[in-house]
Amino acid sequence: MSRVAYVNGRYVPHATAHVSVEDRGFQFADGVYEVIAIDAGHFVDELPHLDRWDRSLAELRLPPAMPRNAMRQVMREMLRRNRVREGILYMQSTRGAARRDAPFPRQADPTLVMTCRRQSLPGPAQVEAGVAVLSVPEIRWSRCDVKSVALLPNILAKQKAREHGAYEAWFTRESDGVVTEGGSTNAFIVPTDGHLVTHPATNAILGGITRDRVLSLARDAGLTVEERPFTLEEAKSAREAFMTSTTTGVYPIVQIDDAPVANGRPGSLTLDLNARYMAFSANGEVPA
Ligand code: PDD
């Protein structure tokens with residue numbers, strides 16, 4: 001079965017799908033994106049992702065390529081044509097193709113691209129093992145709340161983490177030691193008081209859809225949730241740590257830089273939230 005991509009109104013073979021060399025996404029990273037998980041044949045948290053998509057577009061003054069209902073039809077058609085029941089849908093929209101000039105072009109149709117691929121959340125063995133994170137200086141701009149395709153600092157951070165044998169990078173502000181978030185994940189800790197702590201959804205982080213979902217699952221489970229900044233030092237002495245994202249679910253962190261988190265094994269609250277999220281992901285209803 002060959003993969004199909006959606007590009008500006010057409011379903012085309014993934015291998016030959018293309019946009020213009022003048023596309024402002026390519027030239028300036030002048031675009032936004034979303035990654036939505038597909039589990040048991042349905043989109044996970046589809047509407048919150050689309051709300052964030054609309055918000056990102058509006059914040060960058062990018063015109064929507066099509067109304068939401070039409071988008072949702074294309075999304076479903078992508079799922080059907082690619083026969084993906086467990087995977088991710090990637091969508092990106094840019095300010096379109098125009099003669100290279102920084103200010104907004106007077107006339108350009110927005111580019112809309114979607115791709116789809118099979119991919120699973122980390123399995124039981126990976127979750128049981130957990131992963132390491134490496135702290136890196138926070139060097140990003142002050143609009144991290146926008147899901148823009150300008151990901152250079154994130155890429156460099158994640159590459160550095162990988163070169164140090166870590167799975168994820170934790171952006172850490174040099175001025176006050178606060179961990180904002182990961183290179184493509186949100187950061188959580190459970191300090192010794194047993195509360196669940198994560199950076200508030202300000203413009204310093206991307207407000208993750210998984211983050212929101214996990215906070216709500218945690219509240220339902222009776223946990224005390226604190227949306228407040230925490231430092232790298234606090235994280236290193238925490239009882240548990242984990243990351244969340246569309247592609248990782250709730251992923252235990254067992255090492256921060258050179259220090260094991262607690263006994264170096266995934267924490268019990270983390271594993272419980274992982275199970276709750278997996279159940280939600282598989283069963284989560286598709287709103288009409
Ligand atoms: N990344 N923070 C950043 C910087 C991210 O890029 C992401 C998502 C998240 C988690 O958001 P969510 O729970 O909505 O996936 C937090 C996606 C998965 C990516 O770039 O592949």
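Ligands are counted one by one from 1 in listed order, and the atoms in each one are counted from 1 as well. Start at 1 with the first residue, then count along the sequence. All values reported here derive from a predicted model rather than from experimental measurement.
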Please list, in number order, the atoms of ligand 1 under 4.0 Å from a heavy atom of [X].
X	result
Gly208	11 (O), 12 (P), 13 (O), 14 (O)
Gly183	4 (C)
Asn186	10 (C), 16 (C)
Thr185	2 (N), 3 (C), 9 (C), 16 (C)
Val35	19 (C), 21 (O)

Tell me, which protein residue and heavy-atom name are nearest [atom], and how many Å apart are they?
atom	value
atom 7 (C) of ligand 1	Ser184 O, 3.2 Å
atom 13 (O) of ligand 1	Thr210 OG1, 2.6 Å
atom 8 (C) of ligand 1	Lys147 NZ, 3.3 Å

Please verify whether a non-hydrogen atom of Glu34 lies at under 4.0 Å from ligand 1. no
Looking only at heavy atoms of Tyr33, does any of them come nearer than 4.0 Å to an atom of ligand 1? yes
Is the shortest heavy-atom distance from the side chain of Ser56 to the side chain of Ser148 under 4.5 Å? no
Heteroatom distance test ([X], ligand 1): nitrogen or oxygen, under 3.5 angstrom:
X	result
Thr244	no
Thr246	yes
Arg140	no

Using a 4.0 Å heavy-atom cut-off, which part of Ile205 comes near ligand 1: side chain, backbone, both, or neither? neither
Tell me which part of Ile209 gets within contact of ligand 1: side chain, backbone, both or neither, using heavy atoms under 4.0 Å. both
Check this for me, if you would: do [X] and [Y] make a salt bridge, where the nitrogen-to-carboxylate-oxygen distance has to be below 4.0 angstrom?
X	Y	answer
Asp272	Arg276	yes
Asp54	Arg52	no
Glu46	Arg72	yes

If we count only N and O atoms by modelled type, under 3.5 Å, do the side chains of Gln159 and Glu163 hold a donor and an acceptor together? yes
Please verify the inter-ring angle class for Phe188 with Phe242; under 30° counts as parallel, over 60° as perpendicular, anything in between as tilted. parallel
Heavy-atom nearest neighbour of atom 3 (C) of ligand 1 within options Met243, His49, Glu181, Arg213: Glu181
Co-membership, hydrophobic cluster, residues [X] and [Y], 4.5 Å side-chain:
X	Y	result
Leu217	Leu223	yes
Leu62	Met91	yes
Phe43	Val35	no

I'd like to know whether CZ of Arg117 has more than 12 heavy-atom contacts from other residues, nucleotides or ligands below 6.0 angstrom. no
